[in-house]
Each structure stands twice: as C-alpha cells, then as structure tokens.
Amino acid sequence: MSCSISFDGVLPCAMRASEAAVSTATDVVSRLGADISAGLTAEEVERRRKAFGRNEFTIKEEEPLSKKYLNQFNDPLILLLLASAIISLIARQLDDAFSITVAIVIVVTVAFVQEYRSERSLEALSQLIPPKCHCVRSGIMQEMLAGDLVPGDTVNISLGDRVPADIRLTEVVDLEVDESSFTGETIPSRKSTLPQSAACKGVSQLKNIAFMGTFVCSGHGKGVVIGVGEDSEFGSVFRMMQNEESPKTPLQKSMSTLGKQLSFYSLLIIGCIMLLGWLQGRHLLAMFTIGVSLAVAAIPEGLPIVVTVTLALGVIRMAGRHAIVKRLPIVETLGCVNVVCSDKTGTLTENKMEVTRLYTASRQRASVGKTGAVDCEGCVVSPSSHPDIVKMIEVGCVCNNAQLRGGQIIGHPTEGAMLALAHKLNLFGLRDQFVRTEERTFSSEKKWMGVLVRPRSHQVTEPPSKNEDWYMKGALDVVLRHCTTISGGGLLTPSLHEHYMSVASEYGHQGLRVVAMAYGRDLNDLSFAGLMAMWDPPRENVRDAIANLHSSGVSVKMITGDAKETGEAIAEQLGLWSPDSVSLSGDDLETLPPHQLTDSIAHCSLFYRVTPKHKVTIVKSLQSLGKIVAMTGDGTNDAVALKRADIGVAMGRSGTDVCREAGDMILTDDNFSTITAAIEEGKMIYYNIRNFVRFQLSTSIAALSLITLSTMMGLPNPLNAMQILWINIIMDGPPAQSLGVEPVDEDIMKRPPRKATDRMVTLPLLFQIVTTSLTIVAGTLWVFRKEMEDKMITPRDTTMTFTCFVFFDMFNALSCRSMSKSLFSIGLFTNRMFLYAVGGSIVGQLLVIYFPPLQAVFQTEALSGGDLLFLATLASSVLVLDEFRKMFVRRFFKKTRPREHGCSAMDIVCTI
C-alpha cells in the first residue's frame, strides 16, 4: 500500500496487518489520523475514499457484448446451417443462401438475448445481500454499509458480526473470532490489544488484528480500519475465487441431461429422415438443410438457460416479498419442505419488547401503562418513591450493551426494552454513573450476563473490593442459583425461591418473557433484586400463515428459549398448541432414550428452553424420518442447525452475520409469513418450469413427427428450413419464457409438498406431451393434404401449413399455463407478459405472411381473412380438448376424492 496525496493535503498511509500488529494501538491510530471516540468526519471520509477506493472487490472485466454475440455462432448446429448457406451460395441458389443466413441471424440473436438475461438475472442476485457494520462517524455510532468503510474508520464488532474490513483492535471484551476461513483451524482465536512480536507473521498469530470476512463468535471489541477491499488479507483469497465457476443447480443438470437425451433421439430420427429422403430421390442439399433446421428446432438447447432465467427471476420476485434466496438450488428445495421449525421471538412475534410487569424481591408488583407511567399498587412510581424498583431498573440498564438513539434501539430488543423503561421514568444516564471493569458475556448455554462495575465517583486510592459490584441479569432459575440474599436484606429461603418461580410461571402463562436481576460483591453471593416481565405480541398475520401451511401438508414446530408457560401461551394463540398437545424442553431432548426421541420430536409442536445444540438434534431427528426441514435462526450458535437443515432461514434484521452467512435464505423482515410466501413461490416456480417443459417438448415432438410422417408417406416437406427455424424461435423465445413467470396459483399451497426425488418429466406428463403433439400433427397434416389436392406443392400450401402449425403452437401455449385449472379460471389477463409474448409472435407471423421482404425469405404468400379464421378455429382444438380433459378430471376428482386414495388431482390431470 502506498501513501496518497490529494489537493487538500497529505493523506495518512494505510497499513499492512503485519505492520499494524507490531505497533501499539496508539501509534496505529496516530498514523492513520483516526479518532477512536469521535471517528472520521464526512469530508475526511470522502477524501480517503477517493484515495483508497471503496471497501469492495473489483469484478474482472466482462467480455464485450460483441464477442458474446459472436460466440453464439460456435454452436455445431449453427455452423452446419452456415455450411448449408455457403453450399447454396456456391450452387448459385441465392434465395436459399440469403434465407438461411437471415434465419441464422434471428436464431443466434434469440439465443444471445436468452443468455444475456440469464447473466443479468444472476448478477442481480449478488446485489441483494449488502453486508452492514457499526461505525462511529462524527461522534455518532451508526449502522452503515460495509462497502462505505475507509482506512481510519472506527468500527465496533460484537457477537455474531462478520468483520467488515481488516481492523487493528483497540478494545476487546472476551473477544474470540472464527478465522477458519483463513487458517482452517476450528478453534476460535482469542483477541487482545497488545502489540505482537515481530516474529509473529501468520494470520493465526496476529492476535490484535480482526480480518475481513471472519466472524465474531464471542464477546465484543472496537478498533480502527487498516485495510479495505483488495488491500485486505481477504483480497488475495478473492482473487483466487474469481477463477472458480459457479456450479449448476440440480434442476439445471437435470434439464441438461434431458436435453442431451432428446438431442440423441432427435438426431437419430433426423438421420433417418435424411436417409429416407435421399432413398426417395429427393435433393440431397435440401434434405441436409431440412435436417439441420430440424435439429436446431427439436434439440432443446435452451432448456438449462430458460431454467436459470426462471429460477433467477423467481428469486428476485421473492426478494420483493422479503425473502432473499442466496443460491438457486434452494428454490427447488422450497417446494419440497414439509416441516418448518421456527424461532418464536421476532419471527412468530413482532420482536418489539416492552416491559409490562415488574416484581421486586420485596414482593411489590408494578405495571407499565401504555403511556409509560409505572403504577405500583395504586401509586405512581418515581425515582424517589420506590427505591427497590429503581434498583432493579438500574441493574437492567448497567448490565446492558444496547443503545437508545433518537428513539431507535441499537442492540438486542430485550436490552432495549429495559433502557426504554428507564427513560419512561426519567432515569437518564444510569449507565454513565458507572465504569465497567469486567464483563461476562451472555451465552445461550449459561443464560446470564454479568458486569463488574464501580461508581465513577470512586477514588482510585480506595480498595477496588469496597467499590466494585457485579450486576447480573438472565433466566430466573439461573440467576437465583447465584443469589443467597434478597434486595433490602434477608436470606433467599427455599420458600421465597419457590414463590418467585410461581410468579414467573404466572407471568409466563400470560405469554410474558421473564428476566431476573441481581447484584452484589461476589458472583456466587448476590442479592436478588426482582424480575421484569416483557410482552412481545404475536404478529397478526402469522396465525393465518401457519393455518395455510398446515392445510398444505407442512407441519410447523415452534422453538423458543423461553420458559414452558410463556411458550405454551404464545403457541396456543398461534394455533400451534393446545392443552392436549405435547411440548418438550431442551432437557427432555437430552434425557429421552434414542428410540423414543425421534418419535417424540415428530409428534411435538412446541420446544421450550432450547439451546442451539438442541436445534441440531431436532433437525437430525426429522431428517432421519425423511422430512425436508426448514429451520430458522438468528444467533451465532444457530449456524450449525442452519447448515444442517435442508433450508436454513436466517433473520435479516435481528440475525447475526454468522447466522446470515450460514443460512440459505434470509428474511429481511424477520416475519414468519415470509417463509410461507417463499414456499409458495418455490412451488410455483417448479410448476412453471414444468409448464414450460411441457410446451417446448410438445412443440419439438410435433415438428419432428410432422416431417417424419410426411417423409414416410412420400409427401413433400410441409415446412421449409426457414419456417422450421421460425418455429424454433417461438418455441425458445418469449412465449415459452413467459410461461416461467406465471403468477402464483392460489391453490398452489393446497397441494402437498412434492417429493425431492420426483422427476421433472414423469410418464404421465410425457403421455400428455405426446397426445398434444399428435393433435398438432394430425391437424397440420390434414391442412397440408387438403391444400395439396391438386398434387402440386405451392407457396400457398406451405404457408397454410406453416401458419396452422404456428397457431397450434400459440393455443398450446395457452393450455400450458396450468396443468389442472381452466384458462377461464386462472384468467386470460393474469399474465400480461404472456399476452405480450403471444401477441408479438402473432404479429411476427403476420409479417412473415404479408411483408414482401419476409415473404421472400420464408417463401410464403398472403392469405385471406377467411383462411386465418379457418386456421385459428382448427388450431383452437388443442386448447378445447385440453379444457375438456381438465374439466373431466376436476369432476372425477370431486367425486372420488383422490387424496383419500393416496393421489392428488395433479397426478390424475397428468395421467389423463
């Protein structure tokens, strides 16, 4: 890294990690021109950004569009068509040479547009999850995009955060960082602020540096940014990543395999057609051109691309519904999910904690009104009237890492609720009255947090033991284990212990979360101060979302760290639990024998007092039963469960960076209903792809069959090469792709989750494709033979045949919009993109028929209005027949109730 000079003066030099590590924190701050307490000003940030760039990575240069377009000509079939055009030119068949060339340009352009859309859709996905961080700017702590950081910025990192840049640490509290992405070591690196020896060079040895891309797995810290973007240690790793290609999704691989199989059979049939035509004495060049054109039309080389576009557009659509899917394969899995395990706080509830009840160690009850007034047994609480309540609030505010700025809570909602309560009582700055000398961070295993503090008025000459106190908050049963006395004097007797537990149980039955407070000189000899009960109301639309999932065969299990009574109260409000239902605690999961554990988990809908390791147990047990599990999480320790689940769902607002990194899907609104919407979209995307496959394969088979049958019957070719290529454009173009963006069917959630092992093209679907193809071929051949009654083939004959096939294709696309529902049921105008695509194709067909330059290319002639009406009426038969089939199936389904016989309406629709 080098120094940079701007017109405003000399900028400080950025530093290498190895150089910053051997310097003191003060030296590093001085050299970078930083200010740890106030941070940089906006003007200084702009100067440094111009010099050092943004904290992001430069993507390698893209190929020019012209080169990408020319690459489309490398396809073997296109090269064969070009060879055909050159041979026609040598043979002085100028019309054929020109026509083939124009057709090639059109086909290549369509393929280029498809590929371009796919790339742009995938690029859009990478912009959906911008990493954020907490940075001090102009004396204010603010949440901002990590990409805006510059060297010299002051950054705070805490449990669960992804380190946003290379940072020289200046303050640490129990800070441990997972550096396995660099070192491969699974044991977290414990950090300090002390200068390192010059002999320490490896990443794992630099204990006072937090590296970009690593994760905080314990404690918190503060430091100054020393390297951003490609100047960070992660930059070298990024440069290696650029050389790796993203793997294809399973569905893309499946479509690619299907395409290869169809290509093999298509080429086999096309070879037979060419051989048969040659034996019949037909012109070899004409048969060659027809054969290559058929290969272009029949081989579904666009399948994987259209699948990618459909998946990517679906993912972008999900993002609009607050669900960010990080990897395309997850879309396929969403439609298979049959169990959703969800956290309570913030997902099923609003995550807007408010303290509503207070209970002191001296048995005083207080309630917090909506206006903020606190009432204690008929008296309004003030800082001077109720010292026991004030002491309890003091413990909650001092043993607390949240901040309240401009009415916004920065930090954990539970801690924010305690600060908000203090502000309601005008107890401003309680925390500022103390100096924190030690902290024991909260963990889901120990369930408490403690800080050792002394009053700011304490004289340094006094013995610390006389002025330092531990303040603790946490789960009531855990806090009481550390207490021997109660606030105000007196021993904590077994009867008092039982009494406090009964009060907590009472609040729990009301759906309140209970947090206990204690203080004292010794962690194992504390005085119990009391407890706070908080209300986090269920989200209003969650109950309906759960009911919808249940009706579609997806079971929902609520997982919470709260007490049994609180969990049962909330679960009952959401329709997940009743007094007759089973609920299990984390301890139960550890003590149940293995042969009972799996069965118990399968039949339980509520898990309470659960730790992250219990989540993993739940996921494994459900997966052992063949379930496809979606698991939600928001904490660092949830990462293992999210990785283990088939779909890990991370919280976007309350979730830690570690959690979001481990998850497959991120909920930007932390709302359970969004999971329902994502499953709905996932199901619909899969069925839309099936609709597209059905349309494309039926058209391919129809085109192949038409030429094959006419050749076997000794008839002239009903379609010339350019007309076949035009059909390919329609088949792979906008009408086909618009089937992939069909709106969500309201009935989609009523269908049970599909099996992960289900194949895209089943025998029933193949049967339906073949019958549709036969309808198209029969109608088109009948028109061809009818036009050839004079035994002479004319441009009118091929124009009528060609237009008939295209009209059949358009009506077939209409019928493919849904496998089971009538076109009139789903609505003709519900997919505007489809209407535009079909309308554009029809306009294009009319131009081919009536526009003289295109008439010359496609060898067509103008048709009368009566001809078009006749062809449209005949072609509509494919839609009419499909409508009758769907109507018969619906009536049959209604009479026999196939779900009771182990099959669905979809199965019958595909079969008949």
Side-chain angles (χ1 to χ4, degrees), residues 114 117-118 120-122 124-125 128 248-256 258 302-338 340 548-549 552 554 628 630 646-647 649 664-667 674-697 734-762 765 813 816-821 826 830-834 837 906 910:
Q114 280 183 315
R117 282 186 67 192
S118 174
R120 286 292 169 266
S121 299
L122 292 175
L125 300 185
L128 294 177
K248 291 184 177 181
T249 72
L251 188 57
Q252 283 177 292
K253 291 177 181 177
S254 173
M255 291 296 97
S256 181
L258 175 64
L303 263 179
I305 293 177
V306 174
V307 168
T308 303
V309 171
T310 303
L311 289 174
L313 292 178
V315 168
I316 294 172
R317 199 163 57 242
M318 286 185 195
R321 300 179 73 173
H322 307 292
I324 296 177
V325 176
K326 291 165 61 178
R327 298 183 297 114
L328 290 185
I330 299 307
V331 177
E332 305 167 38
T333 312
L334 278 168
C336 305
V337 169
N338 44 32
V340 176
N548 289 338
L549 285 175
S552 67
V554 180
I628 304 297
D646 297 283
I647 294 184
V649 183
D664 303 301
M665 185 168 74
I666 298 174
L667 306 186
T674 305
I675 300 176
T676 308
I679 292 175
E680 184 180 82
E681 287 281 359
K683 281 186 174 182
M684 198 65 219
I685 287 171
Y686 181 83
Y687 285 116
N688 282 349
I689 291 175
R690 282 190 76 178
N691 291 340
F692 162 76
V693 169
R694 174 191 166 194
F695 170 70
Q696 189 174 57
L697 295 190
Q737 293 189 23
S738 62
L739 289 171
V741 293
E742 191 71 26
V744 172
D745 186 343
E746 292 179 0
D747 294 336
I748 203 74
M749 289 304 290
K750 296 178 183 177
R751 297 174 186 165
R754 64 182 178 84
K755 294 180 181 179
T757 55
D758 284 353
R759 298 175 62 183
M760 173 65 72
V761 180
T762 60
L765 178 61
C816 288
R817 286 184 60 193
S818 173
M819 298 283 286
S820 58
K821 299 186 77 170
I826 61 177
T830 52
N831 186 350
R832 293 185 178 275
M833 186 63 67
F834 179 84
M906 178 60 69
C910 292

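The basis for the numbers below is simple: all heavy atoms, side chains too, and nothing from hydrogens, waters or symmetry mates. Numbers for residues simply follow the sequence, beginning at 1.
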Do you know which two heavy atoms are closest between [X] and [Y], and how far apart they sit?
X      : Y      : value
Lys683 : Gly335 : CG-CA, 3.7 Å
Val554 : Val340 : CG1-CG2, 3.9 Å
Ala319 : Ile324 : CB-CG1, 4.5 Å
Ala323 : Leu667 : CB-CD2, 4.4 Å
Arg321 : Thr674 : O-CG2, 3.2 Å
Ala678 : Met665 : CB-SD, 3.7 Å

Using modelled atom types and a 3.5 Å cut-off, is there a donor and acceptor pairing between side-chain atoms of Asn688 and backbone atoms of Glu742?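 At least one qualifying donor-acceptor pair exists.
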Task: Side-chain donor/acceptor of Asn831 to backbone N/O of Ser738, under 3.5 Å - done: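 Yes.
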Report the C-alpha distance between Ile675 and Val337 in whole Å, list the side-chain angles of each, state the deciding distance to 0.1 Å, and finish with yes or no for side chain to side chain contact (heavy atoms under 4.5 Å, CB included).
CA-CA 11 Å; Ile675 300 176; Val337 169; over 6 Å; no
| said: Less than 4.5 Å apart, side chain to side chain, heavy atoms only: is that true for Leu739 and Cys816? | reply: yes
State the [atom1]-[atom2] distance between [X] and [Y], to the nearest 0.5 angstrom.
X      : Y      : atom1 : atom2 : answer
Arg817 : Arg694 : CZ    : CZ    : 12.5 Å
Cys336 : Asp646 : SG    : CG    : 9.0 Å
Asp664 : Ile647 : CG    : CD1   : 6.5 Å
Ile685 : Arg317 : CD1   : CZ    : 5.5 Å
Leu697 : Phe692 : CG    : CZ    : 8.5 Å

**Message:** Before you tell me yes or no, could you show the steps for Glu681 and Leu334 under side chain to side chain contact (heavy atoms under 4.5 Å, CB included), namely the whole-Å CA-CA distance, both residues' side-chain angles and the distance that decides it to 0.1 Å?
**Reply:** CA-CA 8 Å; Glu681 287 281 359; Leu334 278 168; over 6 Å; no
